[in-house]
2 protein chains.
Amino acid sequence: MVRKPATLKDVAALANVSRATAARALNSYGYVGDETAQKVQAAAEQLGYRGNRLAQALRNGQLPIVGCILGDIQNPFFARIAHDIEVLARERGHNLVIGSSEEELAQEISLLASLQSLSIRGFIVAPTSADNNAHLQGLIAENVPLVLIDRVAEGVDCDNVLVDNEGGARKAVEYLIAMGHRHIGLLQDDMRIFTSRERMSGYQAALAAAGIAPDDRMVSVSQSTVEHAVDATIRLFSQKSPPTALFTVDSLMTQGALLAFRSMGISIPHDVSLIGFDDFNLATFTDPQITVVSQPVSEIGRAAARLLFDRLSGKNEPPQKIRFETKLIVRGSVSRRSDG
Amino acid sequence: MVRKPATLKDVAALANVSRATAARALNSYGYVGDETAQKVQAAAEQLGYRGNRLAQALRNGQLPIVGCILGDIQNPFFARIAHDIEVLARERGHNLVIGSSEEELAQEISLLASLQSLSIRGFIVAPTSADNNAHLQGLIAENVPLVLIDRVAEGVDCDNVLVDNEGGARKAVEYLIAMGHRHIGLLQDDMRIFTSRERMSGYQAALAAAGIAPDDRMVSVSQSTVEHAVDATIRLFSQKSPPTALFTVDSLMTQGALLAFRSMGISIPHDVSLIGFDDFNLATFTDPQITVVSQPVSEIGRAAARLLFDRLSGKNEPPQKIRFETKLIVRGSVSRRSDG
DNA sequence: GTGAAAGCGCTAACAA
DNA sequence: TTGTTAGCGCTTTCAC
């Protein structure tokens with residue numbers, strides 16, 4: 001037996017009132033007689049009535065859903081953020097639609113288009129590309145609330161939540177330099193990605209400040225997956241004069257580097273020192289524990305959601321830019337070096 | 001400047017045809033003159049028309065979205081599944097709404113209700129409770145496609161995708177017994193959760209088969225978070241005669257146990273042997289590496305999504321039950337014991 | 001081949 | 001206090 005969900009009309013009929021009255025009673029607005037209200041409530045109960053949010057949304061133009069487009073939910077960094085956003089959304093009676101761009105601009109664009117045609121109320125996006133973003137500008141032109149997260153997009157003026165990538169990277173590399181390293185490798189992500197750029201700047205700035213000439217052979221680019229990072233690390237450390245220290249731009253890369261070092265028989269921190277950007281569960285389980293630049297992951301999603309809901313409730317201030325500090329957490333993966 | 005999205009009416013007007021014709025041209029069905037079709041296409045292009053999926057859904061009763069209610073996306077097991085479902089959904093032109101039940105029945109129920117009122121096309125759920133599930137039965141009564149994942153719910157007859165929890169747990173514990181252990185601890189999750197029950201059965205069956213009497217002091221119950229697992233492990237191993245081996249029912253618990261052992265100065269596998277259910281990234285980074293029962297995580301989400309989309313495309317067979325095998329992956333966290 | 005019109009379920013302005 | 005009605009944007013019979 002297939003039971004169709006009851007509609008407002010059914011409720012109204014059972015309660016012997018008009019649809020308008022039924023609606024008023026159920027949403028408690030406008031004037032409704034006490035007795036009538038009771039009758040309607042009873043009828044609704046009896047029929048197991050739940051409003052059709054689709055119809056409501058069509059009527060008032062907005063579906064109480066927020067869309068969230070991230071690189072990949074499998075990355076614990078994004079998983080945490082998605083979770084926090086969902087919690088806050090739920091508190092406000094919204095649901096969460098989630099999409100992975102998988103760091104493909106085309107996918108981000110089509111995902112966004114498909115969500116836009118859902119009349120979703122607002123978006124939280126970690127944009128794949130720092131410069132190519134007509135689709136985001138379009139959102140803003142249509143006045144759809146948008147919060148950028150983890151990254152910014154050029155020419156897209158809206159709320160965003162970032163961390164101090166450059167400063168964090170710089171702290172890490174300065175620390176390596178202070179420990180006597182001068183051949184410092186960088187394992188970085190695709191340069192289209194904003195965070196990757198910023199972290200590289202920090203790396204370069206630290207080198208420059210110490211008077212160390214940049215050296216392309218010290219830099220390896222990889223996609224942000226453990227597997228790719230393994231390969232990139234192997235490439236970097238198969239050279240005749242490899243780095244004595246490595247800075248990795250995210251936790252997946254750090255894991256890849258760890259794996260690569262193990263397979264190459266390179267020991268940390270004896271043979272090479274390592275600092276990763278973004279703390280991760282594994283970092284304290286290894287021996288030695290890994291020194292990292294940590295970011296306040298638990299703040300990011302919540303801050304973004306708060307910003308978004310402020311907009312949704314009509315706040316009309318100029319875009320806010322929140323930038324969280326990062327922290328160097330010194331553990332055991334860096335050793336002092338005298339020969340450089 | 002706020003630009004409102006163009007509607008079909010706008011397109012029709014610009015192309016000088018009726019809305020019906022415009023719709024036909026854009027969705028390419030029915031008869032449309034070539035020339036007319038061109039005109040409409042051009043107009044749509046010019047206005048940047050994208051259909052309103054909300055209105056379409058209201059019209060034909062279903063929104064091309066699938067809902068997914070899992071324990072917690074932060075658990076890598078669920079993150080992986082969610083990701084795979086999203087990929088498959090996207091291939092079929094659907095989006096994914098995600099909700100975390102956080103293993104709270106009440107939350108699962110309210111989440112489900114709120115998604116149901118969205119006229120979502122189907123659901124994939126990892127039910128929190130094995131017995132309390134009127135809400136899921138309601139779904140079936142209304143003929144909404146539902147696939148249960150990781151767990152079953154009593155009296156809910158629908159497609160489901162599971163792994164052989166009991167067999168996996170049994171293999172693990174049998175292995176410990178074969179290695180000479182007789183005091184085998186169990187660190188388990190809330191008993192309302194189906195997988196927890198099954199894994200405990202496997203544990204008990206293995207003990208029984210070896211003629212080892214069950215002992216309540218060997219069992220500790222915790223919530224599935226690293227923090228809770230740490231406490232539970234400490235409790236278990238603070239007894240006067242603690243277990244010589246531990247079996248943990250999921251990867252978060254395994255991590256908790258690892259942390260607890262470290263803080264207590266208990267070394268693996270020398271002082272205690274460990275096997276965890278569910279493989280996890282950290283397992284091969286520790287020293288020694290952790291022996292685990294692995295499940296084919298990458299299959300589960302895909303299988304569930306496939307089942308769901310089969311239903312959505314009208315397949316009307318009796319519910320399918322897929323149960324994947326588990327595999328004991330022997331690494332280094334178990335040692336041989338002669339004294340028992 | 002194309003248009004007119006009904007209606008999905010709901011809300012809100014207006015009347016009564 | 002309640003009912004009537006229009007209409008959100010779309011699809012789809014039915015008539016021409």
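Just so you know, these numbers use all the heavy atoms, side chains as well, and skip hydrogens, waters and symmetry mates. We name chains A, B, ... by the order of the sequence lines, and we start the count at 1 in each one.
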Partners passing salt bridge (Lys or Arg N to Asp or Glu O under 4.0 Å) against B:R121 (at least two apart in sequence or in another chain)
none
Would you call B:E142 and A:R50 a salt bridge, using N to O less than 4.0 angstrom?
yes
With sequence neighbours left out, write down each residue that passes side-chain hydrogen bond (donor to acceptor under 3.5 Å, both in side chains) with B:D84, or none if nothing qualifies.
B:R80
Atom-to-atom span, CZ of B:R53 to P of D:dG9 - whole angstrom
17 Å
Mind checking B:Y49 for me? I need base, sugar-phosphate or nothing, with any heavy atom below 4.0 Å counting as a touch.
sugar-phosphate
Tell me the interatomic distance from B:L58, atom CG, to D:dC8, atom C1', rounded to whole angstroms.
9 Å
Identify whether any heavy atom of B:N60 sits under 4.0 Å from a base atom; if not, whether one sits that close to sugar-phosphate; answer base, sugar-phosphate or nothing.
nothing
Assess whether a salt bridge exists between B:E35 and B:K39, defined as any Lys/Arg side-chain N lying under 4.0 Å from an Asp/Glu carboxylate O.
no
Could you tell me how far apart A:L54 (CG) and D:dC8 (P) are, to the nearest whole angstrom?
17 Å
Please list, pair by pair, any protein nitrogen or oxygen found under 3.5 Å from a nitrogen or oxygen in nucleotides 2-4 of chain C.
{"unit_1": "C:dT2", "atom_1": "OP1", "unit_2": "B:T36", "atom_2": "OG1", "d": "2.3"}
{"unit_1": "C:dT2", "atom_1": "OP2", "unit_2": "B:G33", "atom_2": "N", "d": "2.4"}
{"unit_1": "C:dT2", "atom_1": "OP2", "unit_2": "B:T36", "atom_2": "OG1", "d": "3.4"}
{"unit_1": "C:dG3", "atom_1": "OP2", "unit_2": "B:S18", "atom_2": "N", "d": "2.9"}
{"unit_1": "C:dG3", "atom_1": "OP2", "unit_2": "B:S18", "atom_2": "OG", "d": "3.1"}
{"unit_1": "C:dG3", "atom_1": "OP2", "unit_2": "B:T21", "atom_2": "OG1", "d": "2.6"}
{"unit_1": "C:dG3", "atom_1": "N7", "unit_2": "B:R24", "atom_2": "NH2", "d": "2.7"}
{"unit_1": "C:dG3", "atom_1": "O6", "unit_2": "B:R24", "atom_2": "NH1", "d": "3.2"}
{"unit_1": "C:dG3", "atom_1": "O6", "unit_2": "B:R24", "atom_2": "NH2", "d": "3.3"}

Can B:N95 and A:S114 be counted as having a side-chain donor-acceptor contact under 3.5 angstrom?
yes
Expressed in angstrom and rounded to an integer, what is the separation of B:R50 atom CZ from D:dG9 atom P?
13 Å
Check the distance between D:dT12's P and B:L8's CG and give it to me in whole angstrom.
12 Å
Provide, to the nearest angstrom, the distance between the CG atom belonging to B:L63 and the P atom belonging to C:dC8.
18 Å
Identify whether any heavy atom of B:G51 sits under 4.0 Å from a base atom; if not, whether one sits that close to sugar-phosphate; answer base, sugar-phosphate or nothing.
sugar-phosphate
Closest heavy-atom pair, B:G67 versus B:L96, reported as atoms and distance to 0.1 Å, is C-CD2, 4.5 Å
Between CD of B:Q62 and C1' of D:dC10 the distance, given in whole Å, is 16 Å
With a 4.0 Å cut-off on N to O distance, would you call A:R302 and A:E91 a salt bridge?
no
From CD of A:Q56 across to C1' of C:dG9 the rounded distance in Å is 9 Å
